[in-house]
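This report concerns only the one structure given below.
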Amino acid sequence: MDTYHISGGNRLEGSCRVNGAKNAVLPILAASLMGKGGSRIKNCPGLSDVYAMISILESTGCAIDFKSGIIDISPKNIQNAEISEELMSSLRSSIFLMGPMLAVCGEFTAGYPGGCAIGSRPIDMHIYALRILGAEIEETDGKIRCRSGRLTGGEIKFPAVSVGATENAMMAAALAQGTTVIKNAAREPEIAELERFLNCMGASVKGAGTGTITIEGRKDLQGCEFSVMPDRIEAGTILAAVAATGGEVLLTEAPVREMKNITKVLRKSGCHVHGEGSFIYMKAPKRLRSAGYIETNPYPGFPTDMQSQIMTLMCVSEGSGVICENIFEQRFQTAPYLKKMGADIRIDGKYAFIKGKEKLFGARLRAEDLRGGAALVIAALCAQGESYIENVCLIDRGYDKLDMMLKNLGANIQRIKEE
Ligand code: UD1
């Protein structure tokens, strides 16, 4: 597995274009198999999760071509409604196939989805939603077996907020007979993006971005051409890396409005942040101050996907901070590595108590999950000395050549390929 070698201490400065959003493109790819014709999806990032999703779609019979950020997908020859365990476990978002495959083929058999080990990550709410729409679902021998005739609309009241279950329900309902109302829906910007994509295919979806989404099912959907929104977490990660090194950056093609919960925290940390149109300019002070208390919550709350990166910033800020992680129970896996670098962190259940230190020191580290890996890259960039971060493949799930983006801003980072 590849390793990043980072010599810390360089101040990051320059400009950087934000790539298409991982959490938008993955459900969009799954939804595209519901089109009668082919779709062209633009601004797609070259992430290992995107390649894994492409392999899964190809295994069902879709023809796919991915070049220069454009994915052409032709779902004409879908023949296989069974996804192998190996493919299913390659990413969490493989579960997005459940709704569309049921809607198109009336059946779906698969193992359980994989993804980063950041918590138990059950799929009970996905199953609950599809059962309401008429699917018969059995879970036996480590497999999920689903069957249905044409799905029928219904009222889905989620007991808790789930991004993925909301998206699965939206996709299945788009081809169901009648009206579906989803209550307690997730409000993430990527849900609104999926609504735009489905409507572009000819669906009738309203209300994404609020807690209630209404879908009038259609008999069929068409292929379409669509450009994916920029990635707010990639943009936030770059801002955090620049902030950690006391640098200055101009982000272009940034989702400014959707990042308010992130830029607010950076301002609290002492950074000057100005967002306008699709640009974000940020200048960090020489020494950050602690953002104080951060609590992760569903959108518009502070995103769990930025929690680890902000923890790194708190480790080198003036003053103390507290993080409360409300979404995933194993999202403090980076803390032991930060402590190895000299950070002062105490974990107590879903709370992390952090006392800022003047400096961190380079060390041998390992990415345990995607965002935690990015947080270690940030720590290594501002640390004194050399760091090695193993298991870069987890970082590749959600960042398209993170090393090159940081190098362009002046970082001293090398990817060491495994022999
Ligand atoms: C999505 C994002 C991920 C982000 C997460 C939370 C994608 C591809 N991934 O993941 O980057 O960190 O939202 O913002 O969009 N849960 C259940 N039962 C279910 C489903 C979820 O209990 O059936 C729980 C989860 O364990 C978690 C919480 O609900 O505690 C939220 O998870 P969810 O919003 O579903 O996350 P994902 O869709 O997997």
Side-chain angles (χ1 to χ4, degrees), residues 20-31 44-45 47-50 52-53 56 88-99 112-132 137 139 144 156-172 182 184-195 197 208 211 228-229 231-234 236-237 258 261-262 295-310 324-333 350 369-375 394-395 397-399:
K22 163 183 170 286
N23 289 353
V25 73
L26 293 171
I28 283 174
L29 281 173
C44 296
L47 310 173
S48 61
D49 268 11
V50 169
M53 184 57 111
I56 292 177
M88 268 311 272
S89 64
S90 61
L91 81 165
R92 167 78 183 174
S93 298
S94 52
I95 194 67
F96 289 147
L97 271 283
M98 190 153 84
Y112 284 86
C116 284
I118 51 177
S120 58
R121 309 190 84 175
I123 55 163
D124 54 317
M125 288 194 275
H126 296 251
I127 291 176
Y128 153 77
L130 292 169
R131 278 191 176 138
I132 295 221
I137 304 175
E139 293 182 89
I144 316 158
I156 299 168
K157 280 190 203 159
F158 283 119
V161 176
S162 162
V163 176
T166 300
E167 291 171 336
N168 232 333
M170 285 165 77
M171 293 188 278
I182 304 175
N184 201 20
R187 292 182 280 162
E188 267 64 7
E190 293 77 15
I191 306 257
E193 185 76 341
L194 180 61
E195 175 183 274
F197 180 72
V228 176
M229 66 179 288
D231 195 313
R232 61 199 166 97
I233 305 300
E234 181 193 76
T237 302
E258 290 79 5
N261 46 11
I262 299 171
E295 181 176 304
T296 63
N297 276 312
Y299 193 84
F302 185 77
T304 176
D305 285 352
M306 276 302 297
Q307 182 263 104
S308 306
Q309 301 87 315
I310 294 299
C324 172
E325 171 58 57
N326 284 318
I327 312 287
F328 292 113
E329 60 272 27
Q330 282 170 40
R331 264 220 151 146
F332 289 142
Q333 297 177 101
K350 62 179 191 172
D369 65 84
L370 160 59
R371 305 302 171 186
L394 288 187
I395 300 175
R397 280 174 179 255
Y399 297 93

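Here, residue 1 is the first one in the sequence, and each next residue gets the next number. Order of listing sets the numbers, starting from 1, for every ligand and every atom in it.
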Who are the side-chain hydrogen bond (donor to acceptor under 3.5 Å, both in side chains) partners of T304, not counting sequence neighbours? E325, R331
Distance, nearest 0.5 Å, that separates CD1 of I327 from CD of Q307: 10.5 Å
Pocket residues of ligand 1, ordered first by chain and then by residue number (heavy-atom cut-off under 4.0 Å): N23, R92, S93, R121, P122, I123, D124, M125, H126, V161, S162, V163, G164, T304, D305, I327, F328, R331
Given E190 and R232, is the salt bridge (Lys or Arg N to Asp or Glu O under 4.0 Å) satisfied, shown in steps? CA-CA 10 Å; E190 293 77 15; R232 61 199 166 97; 2.8 Å; yes
Those residues at least two apart in sequence (or on a different chain) that pass side-chain hydrogen bond (donor to acceptor under 3.5 Å, both in side chains) with D49 are none
Can you confirm whether the side chains of Y112 and E139 place a donor and an acceptor under 3.5 Å from each other? yes
For E193, check side-chain hydrogen bond (donor to acceptor under 3.5 Å, both in side chains) against everything at least two apart and list the hits. R196
